[in-house]
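All heavy atoms count here, side chains included; hydrogens, waters and symmetry mates do not.
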Amino acid sequence: MLVLMGRTIWQFFSESVVVIIGLALIALGVAIGFLSRRITRAVRHNNNVESNDKLFLTLKIVGMALVIAGFICVAVELIIYFATRTGV
């Protein structure tokens, strides 16, 4: 088990709400990114989705933004954790 400054990684994730929210944002962003073509097909009632479709591109961008926001949440929590634990 990976130990992070005296705590296992699972303890760190379970004690930090921001990390859990970040992981949820990452999962939601990846899901939207992968399902964007299907969502566009369902909304447009058409099997052919062009690569420059506005809804398709918007869903891809939203998915990417959620992934980035999730990584930022996790990174900020890790930085705060390391700064308070190392005495910096």
Side-chain angles (χ1 to χ4, degrees):
M1 190 64 64
L2 182 64
V3 177
L4 187 67
M5 298 289 198
R7 293 191 316 188
T8 65
I9 194 74
W10 301 115
Q11 289 172 334
F12 175 73
F13 284 153
S14 66
E15 293 173 2
S16 177
V17 177
V18 177
V19 172
I20 294 170
I21 291 171
L23 292 174
L25 286 174
I26 291 169
L28 184 63
V30 168
I32 288 175
F34 282 140
L35 295 175
S36 60
R37 191 169 299 272
R38 275 185 189 250
I39 294 169
T40 305
R41 283 182 193 156
V43 170
R44 300 276 190 240
H45 302 292
N46 191 357
N47 280 339
N48 297 330
V49 175
E50 298 293 325
S51 295
N52 60 355
D53 189 322
K54 287 184 181 181
L55 178 61
F56 176 67
L57 292 175
T58 301
L59 288 171
K60 285 285 195 181
I61 291 170
V62 166
M64 187 171 46
L66 286 173
V67 169
I68 291 170
F71 277 124
I72 289 172
C73 288
V74 173
V76 165
E77 188 65 27
L78 280 172
I79 290 170
I80 290 171
Y81 177 75
F82 285 134
T84 58
R85 298 296 185 242
T86 59
V88 173

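Judged as a salt bridge (Lys or Arg N to Asp or Glu O under 4.0 Å), the pairs with a partner in residues 36-49 (not counting sequence neighbours) are, in order, Arg44-Asp53.
When all heavy atoms of Cys73 and Leu25 are compared, the closest pair comes out as SG-CD1, 4.3 Å.
Taking CD1 from Ile26 and CD1 from Ile21, the interatomic distance works out to 12.0 Å, rounded to the nearest 0.5 Å. For the atom pair Leu66 CG and Phe71 CZ, the distance stands at 12.0 Å (nearest 0.5 Å). Between the CD1 atom of Ile32 and the OG1 atom of Thr58 there is a distance of 12.0 Å, given to the nearest 0.5 Å.
Neither Val19 nor Leu28 shares a network with the other; the hydrophobic side chains, linked directly or stepwise wherever heavy atoms of I, L, V, M, F, W or Y lie under 4.5 Å apart, form separate groups for each. No continuous path of ILVMFWY side-chain contacts below 4.5 Å connects Ile39 to Ile61, so the two sit in separate hydrophobic clusters. Ile72 and Met64 fall within a single hydrophobic cluster, where Ile, Leu, Val, Met, Phe, Trp and Tyr side chains are chained together by heavy-atom contacts under 4.5 Å.
Among Val49, Val62, Leu55, Leu59, the single residue meeting the side chain to side chain contact (heavy atoms under 4.5 Å, CB included) criterion with Ser36 is Leu59.
Within the 4.5 Å cutoff, no side-chain heavy atoms of Val76 are placed close to those of Val18.
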